[in-house]
Amino acid sequence: MFTPLHDRVLVRPIEGDEKTTGGLIIPDKAKEKPQEGEVVSVGAGAKDETGARIAMDVKAGDKILFGKWSGTEIKIDGKELLIMKESDILGIMS
């Protein structure tokens with residue numbers, strides 16, 4: 001298992017639809033990069049100037065939205081994941 005450090009978050013991107021509403025299949029090259037994902041694991045949080053931990057706002061299992069170009073793509077156990085700072089996350093979906 002991979003545990004991010006500090007204020008980093010490991011995210012499994014959620015792919016968009018493969019077809020348009022009209023039924024046309026969208027080729028891989030034309031698909032938009034996913035901007036939605038599920039948090040897999042989180043770091044312990046950053047430290048403030050006194051050394052106290054700043055609690056993370058997201059937790060494993062949260063569905064999130066993130067910026068289009070956020071994160072670094074990594075592969076763990078054959079799965080494509082993103083690692084990003086918590087500040088790259090735009091919000092939690094409910």
Side-chain angles (χ1 to χ4, degrees):
M1 186 60 174
F2 178 86
T3 303
L5 297 177
H6 309 294
D7 63 340
R8 289 180 180 82
V9 179
L10 186 64
V11 175
R12 181 180 50 82
I14 298 172
E15 296 292 330
D17 292 334
E18 294 187 12
K19 290 185 180 181
T20 65
T21 53
L24 297 175
I25 296 175
I26 302 169
D28 285 342
K29 288 184 179 182
K31 285 183 188 174
E32 293 259 337
K33 186 175 176 184
Q35 291 179 264
E36 186 177 325
E38 181 180 351
V39 175
V40 175
S41 62
V42 298
K47 291 185 179 182
D48 65 16
E49 56 277 350
T50 66
R53 289 268 181 210
I54 301 169
M56 299 285 279
D57 289 327
V58 296
K59 62 186 179 313
D62 283 348
K63 296 242 194 270
I64 59 164
L65 290 177
F66 50 87
K68 192 173 204 169
W69 307 111
S70 297
T72 300
E73 295 176 354
I74 61 172
K75 198 175 249 189
I76 298 176
D77 296 330
K79 297 176 185 168
E80 294 195 20
L81 303 168
L82 292 170
I83 187 162
M84 64 184 69
K85 288 193 165 261
E86 185 183 36
S87 60
D88 290 338
I89 297 172
L90 304 174
I92 301 170
M93 299 175 62
S94 55

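Keep in mind it's a predicted model, so treat the numbers as computed, not measured. Throughout, residue positions are numbered sequentially from 1 according to the sequence presented.
Nearest approach of Glu80 to Pro13, heavy atoms of both residues: O-CD, 3.6 Å. Considering all non-hydrogen atoms of both residues, Thr3 and Val42 come closest at CG2-O, 4.2 Å. Heavy-atom minimum distance, Pro4 versus Leu10: CG-N, 3.8 Å.
Residues Val11 and Leu81 form no side-chain contact, since every pair of their non-hydrogen atoms from C-beta on lies 4.5 Å or further apart. When side chains are defined from C-beta on, Val39 does not count as touching Arg12, because their heavy atoms never get closer than 4.5 Å. Between Met93 and Glu36, the closest side-chain pair of non-hydrogen atoms falls below 4.5 Å. Between Leu82 and Thr72 the shortest side-chain heavy-atom distance does not fall below 4.5 Å. Put simply, the side chain of Leu65 does not reach to within 4.5 Å of the side chain of Ile89, judged on heavy atoms.
Sequence neighbours left out, the pairs with a member in residues 43-66 that pass side-chain hydrogen bond (donor to acceptor under 3.5 Å, both in side chains) are Asp48-Thr50, Lys59-Asp62. Every pair passing salt bridge (Lys or Arg N to Asp or Glu O under 4.0 Å) that includes a residue from residues 84-94 is listed here, sequence neighbours excluded: Asp7-Lys85.
In this structure a side-chain-to-backbone donor-acceptor pair under 3.5 Å is present from Ser41 to Phe2.
Follow the hydrophobic side-chain contacts under 4.5 Å out from Ile92 and you reach Phe66 in the same cluster. Residue Ile76 is grouped with residue Val40 when hydrophobic side chains (ILVMFWY) are merged at heavy-atom distances under 4.5 angstrom, including chains of intermediate members.
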